[in-house]
K.L.:
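Below is one structure. I have some questions about it.
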Amino acid sequence: MTRPSLPQGMRDFYAETVQKRNYIFSTIKTVFELYGFQPLETPAMENLETLMGKYGEEGDKLIFKVLNNGLNDPKNTDKAKEGFEKLLLGKNTASLTERALKYDLTIPFARFVAMNHKQLLFPYKRYQLQPVWRADRPQKGRYREFTQCDADVVGSNALINEVELALMYHTVFTRLGLKQYVLKINHRKILAALAENCGGSQMLIPISNAIDKLDKTGLEKVKDLLRPSLTEQQVKLVEDYLMVTGTNQEKLMKIEKLFGDNTDAKKGIDDLKYILAKADLAHIEIDFTLARGLDYYTGVIFEAKAPREVQMGSIGGGGRYDNLTGLFGVPGIPGVGISFGVDRIYDVLEELNLFPSTLQQSVKALFFNLGEKEAEKAFELVQQLRNEGIACELFHEPAKMEKQFKFAEKKQIPFAVILGSRELESGKIVIKNLQQGEQHQLPLAELLPFFISL
RNA sequence: GUAGCCAUAGCUCAGUUGGUUAGAGCAUCAGAUUGUGAUUCUGAGGGUCGAGGGUUCGAGCCCCUUUGGUUACCCCA
């Protein structure tokens, strides 16, 4: 018998953590609903085919695949062996695995919309708070099971959606106390304009990947990365592009100058201007080096960053996609969405000490168990309080008072209710405030009003 | 997938060049107290030193394998 353990990168959450996580969840949910989004849940598993090829080459490797059942059945062994041979060559694995844990919420959502678009009322605004799984190597702020909180609008091209999503970021982060968050914003079409000037649209992904590394590796490394596939003139253009600095307005002016009348760039710049004007509350920072993000984004891209004093990557991201359901054979449904990384937000709030101290919910009172008869009466009272919605509990067995006090203290129960032989006799009960150490007697009949009035 | 560091009591950690029976604080339990904790004093229990193999007269310590944690790369929330 080996010691029990958890799979790599998976975690148990005990009460305090769950309460803190619920605080984040409910803050986000409240804001989502405030903006008219409706909940959706999709299963943990999807068909592998639904997920494969949607997250890029790296993404495919990080999908948790589920082994098919019945591989050991004699009639399947040939197929299984054949599948395994293919697997070793890095190929199709359908005969071994047909299902996988979902990798994010967006693609399963697109699958859902593609399946149900005839019944949905557009624009369809849904939010979803569910765990997703990635077979990534765990490290700071990165887990193999983590929760995503997504809100997407599909069936609308209107830029007001982007504005609202930006303001939702603002509202959520402000409510959580993360006042110094930064919402970085860029536009895929501006990146596309850059790619067009560097050899064509097939350069979009390589250039995006390279320039996204700017703050980590520096300009020279980025240029080195691009040199093999670009001319020196094109590298110079990328450099000029990356050197666009200043206020949001200044950046927009400079990029306008750089790309002149390129239609893609113009559209991107107009979109960004619109969002900046309408969502000026949100801490938007235009960042033309922001390029990471999934291949399916086609318009605005967002990345929410934690306050600078915290060493944490992005705590949210999103963007517009023109044709996500097209991947599933239903073209013509555009969408835009955002996502919150709850596990990272949790770590940030913890580090900045931003969780409200009132989160630790416990019962209001612990009734001491001081004997059989006493406990019988106490149980009666406990049930009375519970019927009135007052959370309380009775110590499970007769025990020394010290033990019961310590129990109450550890569970952070504010009141001890003492009902012993004396109280049984006198019809009065002792209530002790455990924080202040003060206690007083009350007639039994006043017990309920006392707790109701708290 | 690649690389570095780490793993000793329930928790946080000591443990000397490899050398008797592996320690401390907190926690737990019991008792000076048969009705008062957080905040007195005394004592006790608790460990296959992550797991498996090897070197050695002898391994918590050295070597190999493996699992987990952690950090960085890739990538990403």
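Labels below follow one simple rule: chain letters A, B, ... track the order of the sequence lines, proteins then strands, and each chain is numbered from 1. Just so you know, these numbers use all the heavy atoms, side chains as well, and skip hydrogens, waters and symmetry mates. A quick note: this is a predicted structure, and the numbers were derived from the prediction, not measured.
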K.L.:
Between A:Y169 and A:F340 (judged by ring centroids, cut-off 6.0 Å), do the two rings come close enough to count as a pair?
P.N.:
yes

K.L.:
Hey, is the side chain of A:R137 pairing donor to acceptor with the base of B:C76 inside 3.5 Å?
P.N.:
no

K.L.:
Starting at the 5' end of nucleotides 32-38 of chain B, put B wherever the base has a protein heavy atom under 4.0 Å, S where only the sugar-phosphate does, and a dash everywhere else.
P.N.:
---BBBB

K.L.:
For A:F37 and A:Y127, I'd like to know if the aromatic rings sit close, meaning centre-to-centre distance below 6.0 Å.
P.N.:
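Distance test on ring centres: not under 6.0 Å, no.
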
K.L.:
I'd like the P distance from B:C11 over to B:G47, given in whole Å.
P.N.:
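After rounding to an integer number of Å, I get 13 Å for this pair.
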
K.L.:
Start at the 5' end of RNA chain B and walk down; is the nucleotide closest to A:P7 or to A:I315 reached first?
P.N.:
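Its nearest nucleotide being more 5', the pick is A:P7.
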
K.L.:
Which of these nucleotides, B:G68, B:A72, B:C75, is closest to any side-chain atom of A:Q8?
P.N.:
B:G68

K.L.:
Taking the same atom, C1', in B:C74 and in B:U55, what whole-Å distance lies between them?
P.N.:
38 Å

K.L.:
In whole Å, I'd like the distance from the OH atom of A:Y14 to the P atom of B:G10.
P.N.:
17 Å

K.L.:
Keeping A:K125 on the side-chain end and A:Y35 on the backbone end, is there a donor-acceptor pair under 3.5 Å?
P.N.:
yes

K.L.:
Any ion pair linking A:E393 and A:K411 (charged N to carboxylate O, less than 4.0 Å)?
P.N.:
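Yes, A:K411 and A:E393 are salt-bridged.
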
K.L.:
What contact category does A:D136 fall into here, base, sugar-phosphate, or nothing, at under 4.0 angstrom with non-hydrogen atoms?
P.N.:
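Touches a base.
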
K.L.:
Can the ring centroids of A:F415 and A:F450 be said to lie less than 6.0 angstrom from one another?
P.N.:
yes

K.L.:
Select from A:F340 and A:T217 the residue whose nearest nucleotide in RNA chain B is closer to the 5' end of that strand.
P.N.:
A:T217

K.L.:
Where does RNA chain B pair, written as one dot-bracket string 5' to 3', with Watson-Crick or G-U pairs under 3.5 Å, ( ) inside the strand, [ ] for crossing pairs and | for another strand?
P.N.:
(((((((..((((.....[...)))).((((.........)))).....(((((..]....))))))))))))....

K.L.:
At 4.0 Å (heavy atoms only), tell me whether A:G9 reaches a base, stays on the sugar-phosphate, or touches nothing.
P.N.:
sugar-phosphate

K.L.:
Which whole-number value in Å describes the distance from A:R21 CZ to B:A77 P?
P.N.:
17 Å

K.L.:
Can you check the distance between B:G19 and B:G60, where both ends of the measurement are the C1' atom (answer in whole Å)?
P.N.:
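Nearest-Å result for B:G19 against B:G60 at atom C1': 13 Å.
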
K.L.:
Please report the distance, rounded to the nearest Å, between CZ in A:R11 and C1' in B:A77.
P.N.:
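My rounded result for the distance is 11 Å.
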
K.L.:
Using the C1' atom as the reference point in each nucleotide, state the distance between B:U48 and B:U21 in Å, no decimals.
P.N.:
16 Å

K.L.:
Regarding A:K216, tell me which of base, sugar-phosphate or nothing describes its non-hydrogen contacts under 4.0 Å with the strands shown.
P.N.:
base

K.L.:
Between B:A77 atom P and A:D212 atom CG, what is the distance in whole Å?
P.N.:
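Rounding to the nearest Å, CG of A:D212 and P of B:A77 are 11 Å apart.
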
K.L.:
Rounded to whole angstroms, how far apart are CG on A:N209 and C1' on B:C73?
P.N.:
15 Å

K.L.:
Given the C1' atoms of B:G52 and B:A59, what is the spacing between them in whole Å?
P.N.:
15 Å

K.L.:
Please measure how far the P atom in B:G4 lies from the corresponding atom in B:U66, and state the result in whole Å.
P.N.:
13 Å

K.L.:
Checking the side chain of A:R134 only, and the main-chain atoms of A:L62 only, is there a donor and an acceptor separated by less than 3.5 Å?
P.N.:
no

K.L.:
Would you please confirm or rule out a distance under 4.0 Å between OP1 or OP2 of B:A72 and any side-chain N or O of A:Q139?
P.N.:
yes

K.L.:
Just checking A:F302 against A:H187, ring centres under 6.0 Å apart?
P.N.:
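So the answer is no for these two rings.
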
K.L.:
Considering only the C1' atoms, how many Å lie between B:C26 and B:U39, rounded to the nearest integer?
P.N.:
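Comparing C1' positions in B:C26 and B:U39 gives a spacing of 16 Å.
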
K.L.:
For A:Y143, report the nucleic acid contact type (base, sugar-phosphate, nothing); a contact means any heavy atom under 4.0 Å.
P.N.:
base

K.L.:
Whole angstroms only, please: what is the CD1-P distance between A:I345 and B:C76?
P.N.:
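Result: 19 Å.
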
K.L.:
Under a 4.0 Å threshold between the charged nitrogen and the carboxylate oxygen, would A:R308 count as salt-bridged to A:E285?
P.N.:
yes

K.L.:
Taking only Lys NZ, Arg NE, NH1 and NH2, and the carboxylate oxygens of Asp or Glu, determine whether A:R111 and A:E46 approach each other closer than 4.0 Å.
P.N.:
yes

K.L.:
Given the C1' atoms of B:U8 and B:A22, what is the spacing between them in whole Å?
P.N.:
8 Å

K.L.:
Rounded to whole Å, please give me the gap between CD in A:E303 and P in B:A77.
P.N.:
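So the two atoms are 8 Å apart, to the nearest Å.
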
K.L.:
Please find out if less than 6.0 Å separates the ring center of A:F367 from that of A:F379.
P.N.:
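Aromatic pair excluded; centres sit 6.0 Å or further apart.
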
K.L.:
Between A:R144 (CZ) and B:C76 (P), how many Å, whole number?
P.N.:
17 Å

K.L.:
Less than 6.0 angstrom separating the ring centers of A:F146 and A:Y346, yes or no?
P.N.:
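Ring-ring flag for A:F146/A:Y346: false, centres at least 6.0 Å apart.
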
